[in-house]
Amino acid sequence: MRNYLQFYIDGRWVDPAVPKSIDVINPATEKPAGRISMGSGADVDAAVKAARKAFASYSQTSVAERVALLERIIDEYKKRYADVAAAITEEMGAPVKLANEAQAAMGLAHLQTALGVLKDYSFTKARGSTLLVQEPIGVCAFITPWNWPMNQIACKVAPALAVGCTMVLKPSEIAPFSAQVWAEILHAAGVPAGVFNLVNGDGPTVGAALSSHPEVDMVSFTGSTRAGIEVARNAAPTVKRVHQELGGKSPNIILEDADLTKAVTAGVRGVMGNSGQSCNAPTRMLVPNSRMAEALAIAKAAAEATTVGAPDSGAALGPVISAGQWDKIQTLIHKGIEEGATLVAGGPGKPAGLETGYYVKPTILGNVNNQMTVAREEIFGPVLTILGYDTVDEAVAIGNDTPYGLAAYVSGTDPEGVRKVAARLRAGQVNINSAAIDLMAPFGGFKQSGNGREWGDHAFGEFLEVKAMLGYAPDKAG
């Protein structure tokens, strides 16, 4: 049992202002795996004040000093890599392989990317006699989710540290273990007191206190669109910068000339990975109506080949995060069938032999139209919807017919044709022919998928203010 009953504030582990704790449930066993304290407004205030105090000095550190700090954090992360992965497996049921090769790996990757960007980043630019200076925005509040816990912490904290900001992190109370290890890593690396602070708690209490706090200059939130709207409302009275990475219902357009077996199989895997709990998953597959029967057969085979089981069993999929999430997924599967979708694979209930744990059958719903609930709402589980189209124009229109715009996918063998379709899709990232991940590619969405961008050099700009110093350089004599 993990007992994380203190918060990390001003370089020390401290007791909460008001003792209150909750169990953290292991979704694979449905039993408590540990306890954490739940913070209050008083804890948030203490953490923010520590960050504000630290900002005065940390914002003035040199690039060389911050490079050295990131290098020390990377060294400590490598030492604790196995601990990070184990925490993620325990808190969210991620398969051991996924936790080691993807979940924990993304934390290290974002640190290394931020370090590389910082070494070459220019914070000043001369324009005539004016000097443009990029300065750290100030105290940042980070509210992060449970589905990729280390990825989302690292892709915010690493660039913020790199540019000279101070911060308070509220990780998900559902999956807080890896955040605790992260705080221990930063402490061991010698992050100055007050630069990084951690307060556990829920959204309505700690999240709201952070997003509304007058001494917080920026709030960066990753989670549902509904919760993101509340963060923006809470932030509005103090006119702080709001960065949001929210939901998605990403289209995956498979063109007529695509290798159908390859494209459909890749699309199924893209949805099923992480038990379907990825905001950029390609959850709406669009295939030509003329090839629908063939596509459904391929998708069925791919889904049925996807193994589900305990995190240490070698299965591809573990459980989903909670009983509440399991119930939501089941409700939406039933809704899809009721509204006329064809159940191609999977379906309601738990997989055979997995009565304990929040396991979901890899599910394919075929012959879906874009007005069905399962095509409109983010399911956040291993459920793929397959829609048909007759023309490329129709496919693009269906793809863009969503309030979201986080990601989109296109497959085909004609490079120019694929690029033309990709250019017409309204999404922050468009993946062509299952391209590999690019840590320097900006990550963020159009429309109700959020504001701002994370990852790589674009992330730096989110944490910087621009100051114009007129007359910095005297005009040359004529």
Side-chain angles (χ1 to χ4, degrees), residues 1-2 4 23-34 36 77-78 80-111 144-155 171-182 184-185 200 222-223 245 248 268-283 303 306-326 328-329 350-351 354 356-363 378-384 437:
M1 289 281 287
R2 299 172 185 257
Y4 298 147
D23 288 335
V24 177
I25 305 300
N26 182 328
T29 65
E30 301 185 36
K31 295 179 180 179
I36 60 166
Y77 193 100
K78 290 177 179 177
R80 300 292 304 276
Y81 191 98
D83 296 334
V84 172
I88 293 170
T89 290
E90 197 168 359
E91 68 192 359
M92 64 169 296
V96 170
K97 183 177 181 180
L98 178 72
N100 276 281
E101 297 182 6
Q103 291 273 3
M106 288 302 291
L108 181 59
H110 284 304
L111 285 166
T144 58
W146 48 260
N147 61 317
W148 283 89
M150 191 48 55
N151 173 74
Q152 289 306 131
I153 290 171
C155 76
S172 169
E173 71 276 20
I174 300 174
F177 296 159
S178 55
Q180 176 87 12
V181 180
W182 173 267
E184 293 170 358
I185 289 168
N200 283 312
T222 299
E245 196 265 279
V268 172
R269 289 174 179 166
V271 171
M272 301 304 165
N274 203 38
S275 297
Q277 300 169 129
S278 297
C279 50
N280 62 337
T283 50
T306 304
T307 55
V308 185
D312 60 354
S313 69
L317 270 62
V320 296
I321 189 66
S322 66
Q325 187 65 21
W326 191 89
K328 175 191 173 185
I329 295 166
K350 293 183 178 181
L354 293 172
T356 300
Y358 309 124
Y359 296 97
V360 177
K361 298 174 185 176
T363 297
E378 189 174 32
I379 299 173
F380 229 60
V383 181
L384 169 66
I437 190 171

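Note that the structure is a prediction, hence the values are computed from the model and not measured.
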- Message: Tell me whether Gln277 contacts the main-chain N or O of Phe380 through its side chain, where contact means a donor paired with an acceptor under 3.5 Å.
- Response: no
- Query: Under 4.5 Å between any side-chain heavy atoms of Thr144 and Thr222, yes or no?
  - Reply: no
- Query: What pairs meet the salt bridge (Lys or Arg N to Asp or Glu O under 4.0 Å) rule with one or both residues in residues 88-100, with sequence neighbours excluded?
  - Reply: Arg2-Glu90
- Compare every heavy atom of Ala85 with every heavy atom of Ala99, then report the nearest pair and how far apart it is. CB-O, 3.6 Å
- Task: With sequence neighbours excluded, tell me which residues meet side chain to side chain contact (heavy atoms under 4.5 Å, CB included) with Thr283.
- Result: Lys249, Val271, Ala281
- Item | Partners meeting side chain to side chain donor-acceptor pair (under 3.5 Å) with Asn100 (sequence neighbours left out) | none
- Item | From CE (Met92) to OG (Ser172), nearest 0.5 Å | 10.0 Å
- Listed once per pair and sorted, the side chain to side chain donor-acceptor pair (under 3.5 Å) pairs that draw on residues 102-111, sequence neighbours left out: Gln103-Asn274, His110-Asn151
- Side chain proximity check, Pro171 to Asn200, heavy atoms < 4.5 angstrom: yes
Result block: side-chain N/O donor-acceptor pairs under 3.5 angstrom for residues 25-32, not counting sequence neighbours:
from, atom 1, to, atom 2, distance (Å)
Asn26, OD1, Ala28, N, 2.8
Thr29, OG1, Asn26, O, 3.4
Thr29, OG1, Lys31, N, 3.2
Glu30, OE2, Lys350, NZ, 3.3
Glu30, OE2, Gly357, N, 2.6

- Non-neighbouring partners of Pro351 that pass side chain to side chain contact (heavy atoms under 4.5 Å, CB included), sequence neighbours left out: Val308, Leu354, Tyr359, Lys361
- Message: Going by the rule side chain to side chain donor-acceptor pair (under 3.5 Å), which residues pair with Trp182 if we only count those two or more places apart in sequence or in a different chain?
- Response: none
- Item | Partner set under side chain to side chain donor-acceptor pair (under 3.5 Å) for Arg80, not counting sequence neighbours | Asp83, Glu184
- Note on the structure: For residues 307-326, the side chain to side chain donor-acceptor pair (under 3.5 Å) pairs (sequence neighbours left out) are none
- Listed by chain and number, what are the side chain to side chain contact (heavy atoms under 4.5 Å, CB included) partners of Ala109, not counting sequence neighbours? Leu439
- Pro95 versus Ala315, closest heavy-atom pair with distance: CB-O, 3.8 Å
- Task: Mind checking side chain to side chain donor-acceptor pair (under 3.5 Å) for Thr363 and listing every partner two or more places apart, or none if nothing turns up?
- Result: none
- Message: Distance check, rounded to the nearest 0.5 Å: Lys78 atom NZ versus Leu111 atom CG?
- Response: 10.5 Å
- Message: According to ring pair (Phe, Tyr, Trp, His ring centres under 6.0 Å), who are the partners of Tyr358, at least two apart in sequence or on a separate chain?
- Response: none
- Message: If you compare all heavy atoms of Gly318 against all heavy atoms of Ser275, which two are closest, and at what distance to 0.1 Å?
- Response: O-OG, 2.8 Å
- Message: Less than 4.5 Å apart, side chain to side chain, heavy atoms only: is that true for Ile88 and Pro149?
- Response: yes
- If you measure from CD1 on Ile185 to CD on Gln180, what distance do you get to the nearest 0.5 Å? 11.0 Å
